[in-house]
Amino acid sequence: MFLEFKREVERVLRDALQTASLNCTDLDLDLEESEHADLSSRVAFSLARMCDKPPAIIAADIVRHIAIPAEDTFIADAGAVGPYINFSVNDSFVHTTLEWIRGGLKQPGQKKGKIIIEHTSANPDGPLHIGHLRNAVIGDVLVRVLKRAGYEVETHYYVNDMGRQIALVVWGAERMAYDETKKADHAVAKVYIAANRLVEQNAEFVTEVEELMRKYEAGDETVIQKYNAAVKKCLSGIQASLERLQIQHDVIVWESEFVRGGAVEAVIEELKQKGDIKRDGSALVLQLEGIEKALVIQRTDGTSLYTTRDLAYHRWKAGKGDRVIDVFGKDHELVSQQLVKALELLDVRVPEFVIFEFVSLPTGSLSTRAGRYIAADELMDKIEERAYQEVAKKRDDLDERKKREIARKVGIGALRYDMVKVSPDKHILFNFDEALDIEKKGAPFIQYAHARACSILHLAVKRGYAVSAYKAHAVTGQSPAEDYNATLLAQRSERELITKLSKLSAIIDEASSELKPHLIAKYARELAESFNLFYKDCPVLNADEELRKARLVLVECARIVLSAVLDMLGIEAPSEM
RNA sequence: GGGCCCGUGGCUUAGCUCGGAUAAAGCACCGGCCCUCUAAGCCGGUGAUCGCGGGUUCAAAUCCCGCCGGGUCCGCCA
């Protein structure tokens with residue numbers, strides 16, 4: 001709803017400039033949200049230069065020419081403060097905002113098309129570690145945000161089921177048994193790590209592994225089956241972890257299909273015709289425009305490479321959606337640029353990339369191969385346990401099952417929030433103690449605000465107050481319109497909460513168009529803060545009847561929006577904590 | 001060596017795309033608030049040469065140039 005207010009301010013301001021004979025084509029109105037007003041314009045600064053007059057004089061002049069419509073408006077008033085022109089919202093804005101929320105947060109506008117987004121795509125050589133976790137959470141939050149923004153979204157997990165690391169797992173599994181006491185992906189990692197050590201120490205083993213790779217590409221059925229078994233074993237473990245994190249993929253894409261189906265060969269043939277290809281021995285090297293480093297698209301032994309297979313995958317998926325998004329680690333940045341250039345040669349829609357910086361440990365960067373990582377499973381176990389201790393301390397009135405459930409929601413939520421709250425291009429140095437410190441977390445703060453809102457609504461129903469809207473919502477998911485006077489919501493903390501609520505769709509727009517999931521995390525925190533201020537300032541259940549009605553509507557709206565933002569963050573919203 | 005990213009109170013960050021009103025939060029530290037709907041909360045306080053140096057501008061955390069520190073990548077791994 002805030003966007004509607006903003007659009008109206010733009011219109012009114014433009015009209016004022018026109019009547020004041022100050023209008024310039026394409027003049028930026030410089031509208032910004034600030035602590036001083038709901039919306040303020042700095043347009044007087046840019047006009048000052050052109051008119052050679054002080055900005056404050058110009059601002060005052062513009063304000064004199066502002067005509068706020070008599071009805072059907074969201075603007076309460078406009079005034080100049082020095083060089084700034086400040087606008088504030090009116091009661092109609094408050095009422096419309098609340099009704100929009102109660103009506104189910106319908107995003108205006110039409111369907112926006114289909115997006116194919118690939119994220120996580122961890123190699124099936126071990127469990128997800130905290131680096132993959134960042135990828136997965138950033139990707140999953142984007143998926144949820146894009147869906148809210150009105151896109152149809154299809155998520156892909158691109159499985160590298162034929163790389164050298166799988167060959168190593170297969171080779172290792174023939175020499176040692178999987179540890180069946182371990183979760184599948186952890187058992188695979190154990191074999192993978194051990195295999196790496198052996199191969200590093202013995203050159204003979206290297207040729208054995210290479211032999212496996214050759215047989216695989218040649219289509220040796222026995223070898224292929226061994227590969228598949230290893231990959232599926234590992235993937236089952238990874239998927240169990242993802243499920244625990246509330247993350248789902250719509251499609252699992254097998255890299256090998258592009259080799260077997262001939263798509264990789266087709267790509268190579270086409271690049272030979274359209275690209276600047278050189279031979280280096282029997283290997284094929286593609287020189288790309290604007291990129292210093294050439295791209296090898298075929299090995300000396302004729303087998304395919306990851307990047308070529310990725311090209312085939314991207315060509316295939318470009319046809320499935322209107323936008324293609326890849327969530328990649330920073331180490332893939334050069335690859336992503338090469339991908340774009342090569343896809344342009346092939347005349348294929350290029351993907352958009354969300355590149356995130358690395359998560360490292362105090363002991364150095366993460367490496368599955370070296371066994372230097374912290375598994376997501378381990379982290380989840382520990383943080384849930386820590387959350388349980390907190391719940392037990394605070395709520396010994398609850399039964400065991402309930403305490404465990406809250407601990408799970410709080411623990412996993414805290415973990416996800418931590419991963420997404422920081423801008424993707426910030427490097428993260430992982431600290432176990434900090435990661436587990438539930439009291440310092442952002443997610444429980446937001447969940448707590450939601451639980452408080454639920455608590456008020458629950459008690460209201462219990463006391464028989466007229467909160468049919470809440471009851472109806474719980475049963476049918478729809479709120480009936482109800483008599484309440486939004487004008488009564490005039491306290492500062494009430495107004496601030498409502499303004500914050502009204503900005504939901506603006507935040508969704510920004511986060512989805514700029515692919516910045518951390519904006520949702522920030523908004524969620526601010527919203528919870530606004531709600532807490534309201535909670536402290538404004539008694540709901542003990543207020544006079546009319547005020548109570550209005551405040552109950554506000555609480556209900558806050559609950560709906562808090563629940564929506566938590567959902568976008570993939571964090572469950574407990575009704576009590 | 002070259003490309004890309006990061007450098008904001010003791011710690012973790014937001015703000016930088018699009019320059020403007022006292023640089024915004026959390027944690028930590030100090031002090032206060034449970035006889036009103038859950039104190040996982042609220043209020044107040046201490047604490048910042050916005051890495052350094054130039055430049056552009058009426059105005060720079062934000063734009064430009066240089067430097068320093070950290071990360072990452074740099075043809076047959078993925």
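Because the structure is predicted, anything quoted here is derived from the model rather than measured. Just so it is clear: chains get the letters A, B, ... in the order the sequence lines come, proteins before strands, and each one is counted from 1.
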### Task
Counting heavy atoms from C-beta on, name the nucleotide in B/A21, B/G3, B/A14 closest to the side chain of A/Ser423.
B/A14
#### Entry: Pair assignment for B/C35, Watson-Crick or G-U wobble, requiring both distances under 3.5 Å
none
### Message
If I pick the P atom on B/C18 and the same atom on B/C52, what distance separates them, to the nearest angstrom?
### Response
24 Å
### Task
Between B/C64 and B/U57, how far apart are the P atoms? Round to whole Å, please.
16 Å
### Query
Using a cut-off of 4.0 Å on non-hydrogen atoms, how would the nucleic acid contact of A/Lys330 be classed: base, sugar-phosphate, or nothing?
base
### Task
Tell me what A/Leu533 touches on the nucleic acid: a base, only sugar-phosphate, or nothing, going by heavy atoms under 4.0 Å.
sugar-phosphate
### Task
Looking only at side-chain atoms of A/Leu459, point me to the closest of B/C37, B/C42, B/C76.
B/C37
### Query
Less than 3.5 Å between a donor and an acceptor, one on the side chain of A/Asp437 and one on the base of B/A28, is that the case here?
no
#### Entry: Distance in Å, A/Ile507 CD1 paired with A/Ser512 OG, rounded so as to fall on 0.5 Å steps
11.0 Å
### Query
Side chain of A/Ser40, base of B/A21: donor and acceptor closer than 3.5 Å?
yes
### Query
Does A/Arg452 place a side-chain N or O at less than 4.0 Å from the phosphate oxygens OP1/OP2 of B/A39?
yes
#### Entry: Residues, nucleotides or ligands: over 12 heavy atoms within 6.0 Å of A/Lys272 NZ
yes
### Task
For the residue pair A/Asp326 and A/His332, confirm or rule out a side-chain donor-acceptor distance under 3.5 Å.
no
### Task
Could you check how far NE2 of A/His36 sits from C1' of B/A21, rounded to whole Å?
4 Å
### Query
Which one, B/G2, B/C43, B/C77, comes nearest to the side chain of A/Leu305?
B/C77
### Query
At under 4.0 Å between heavy atoms, what does A/Lys522 touch on the DNA or RNA strands: base, sugar-phosphate, or nothing?
sugar-phosphate
### Query
Which glycosidic conformation, syn or anti, is assigned to B/C43 if syn requires a torsion within 90° of zero?
anti
### Task
Please give the nucleotide sitting opposite B/G26 as a Watson-Crick or G-U wobble pair, both distances under 3.5 Å, or none.
B/C11
### Query
Does the ring of A/Phe45 meet both stacking tests against the six-membered base ring of B/A59: centre distance under 5.5 Å and plane angle under 30°?
no
### Summary
Taking B/U36, B/A40, B/C43 as options, the one with an atom nearest any side-chain atom of A/Lys536 is B/C43
### Task
Using salt bridge (charged side-chain N to carboxylate O under 4.0 Å, His left out) as the criterion, list what pairs up with A/Glu576, not counting sequence neighbours.
A/Arg395, A/Lys402
### Query
Rounding to the closest angstrom, what is the interatomic distance between B/C30 and B/C63 at atom P?
39 Å
### Query
Counting only distance, no hydrogens or angles, is the base of B/C76 paired donor-acceptor with the side chain of A/Thr300 under 3.5 Å?
yes
### Task
With C1' as the reference atom in both, quote the distance from B/G69 to B/A28 in angstrom, rounded to an integer.
26 Å
### Task
May I ask you to evaluate whether A/Lys426 reaches the phosphate of B/U12, defined as a side-chain N or O under 4.0 Å from OP1 or OP2?
no
### Query
Across all strands, who's sitting opposite B/U57 as a Watson-Crick or G-U wobble pair, both distances under 3.5 Å?
none
### Task
Select base, sugar-phosphate, or nothing to describe what A/Arg309 touches, counting heavy atoms under 4.0 Å on all strands.
sugar-phosphate
### Message
Looking at every heavy atom in both A/Gly126 and A/Ala189, which two are closest together, and how far apart are they?
### Response
CA-CB, 3.7 Å
#### Entry: Atom pair distance, as rounded to whole Å: NE2 in A/His332 and P in B/U72
15 Å
#### Entry: Closest to the A/Lys394 side chain, choosing from B/A40, B/U13, B/C6
B/A40
### Message
It should be established whether A/Arg42 places a side-chain nitrogen or oxygen under 4.0 Å from OP1 or OP2 of nucleotide B/G19.
### Response
no
### Query
NA contact type, A/Arg395, heavy-atom cut-off 4.0 Å: base, sugar-phosphate, or nothing?
base
### Query
Cation over ring, A/Arg369 on A/Tyr192, under 6.0 Å and within 45°?
no
### Query
For the rings on A/Phe45 and A/Tyr84, is their centre-to-centre separation under 6.0 Å?
yes
### Message
Both A/Lys441 and A/Asp331 contact RNA chain B. Which one's nearest nucleotide lies toward the 5' end?
### Response
A/Lys441
### Query
To the side chain of A/Arg49, which of B/C76, B/U36, B/C58 is closest?
B/C58
### Query
Picking from B/G26, B/A40, B/G2, which would you name as closest to the side chain of A/Arg525?
B/G26
### Query
Is A/Arg452 close enough and on-axis enough to A/Tyr535, meaning under 6.0 Å and within 45°, for cation-pi?
yes
### Task
Sticking with atom C1', work out how far B/G19 lies from B/U62, rounded to a whole angstrom.
6 Å
### Query
Say you pick atom C1' in B/G26 and the same atom in B/A40; how far apart are they, in whole Å?
14 Å
### Query
With rounding to whole Å, what would you report as the distance between B/G9 and B/A48 at their C1' atoms?
4 Å
### Rounded interatomic separation in angstrom, taking CZ from A/Phe531 and P from B/A39
11 Å
### Spacing between A/Glu33 atom CD and B/G15 atom C1', to the nearest angstrom
13 Å
### Message
If you assign A/Leu541 and A/Ser34 each to the RNA chain B nucleotide with the nearest heavy atom, which residue ends up on the more 5' nucleotide?
### Response
A/Ser34
### Task
Find the distance A/Asp125:CG to B/C77:C1' and express it as a whole number of Å.
12 Å
### Task
Compare the minimum distances between each of B/G26, B/A40, B/C5 and the side chain of A/Glu529, then state the nucleotide with the smallest one.
B/G26
#### Entry: Complement of B/G1, any strand, by Watson-Crick or G-U distances under 3.5 angstrom
B/C74
### Query
In whole Å, what is the span from the CG atom of A/Leu429 to the C1' atom of B/U13?
14 Å
### Message
Please report the distance separating the P of B/G71 from the corresponding atom of B/U8, rounded so that it comes out in whole Å.
### Response
15 Å
### A/Tyr484 six-ring centre to A/Lys549 NZ/CZ under 6.0 Å and within 45° of normal
no
#### Entry: Anti versus syn assignment for B/G75, with syn defined as within 90° of 0
syn
### Query
What does A/Glu576 touch in the nucleic acid at a heavy-atom separation under 4.0 angstrom: a base, only the sugar-phosphate, or nothing?
base
### Query
Regarding A/Ser304 and A/Glu217, is there a side-chain donor-to-acceptor distance under 3.5 Å anywhere?
yes
### Task
May I ask you to evaluate whether A/Tyr535 reaches the phosphate of B/U36, defined as a side-chain N or O under 4.0 Å from OP1 or OP2?
no
### Message
Applying a 4.0 Å non-hydrogen cut-off, can you work out what A/Tyr84 is touching in the nucleic acid: base, sugar-phosphate, or nothing?
### Response
base
### Message
In this structure, how many angstroms lie between the C1' atom of B/A40 and the CG atom of A/Asn532, rounded?
### Response
10 Å
### Task
Would you mind classifying the nucleic acid contact of A/Val555 as base, sugar-phosphate or nothing, using non-hydrogen atoms under 4.0 angstrom?
nothing
### Task
Figure out the CD/C1' separation between A/Glu357 and B/G7, and round it to whole Å.
12 Å
#### Entry: Minimum-distance nucleotide (side-chain atoms of A/Ile406 versus B/C77, B/A40, B/U36)
B/A40
### Query
Looking across every strand, which nucleic acid part, if any, lies under 4.0 Å from A/Glu35 by heavy atom: base, sugar-phosphate, or nothing?
base
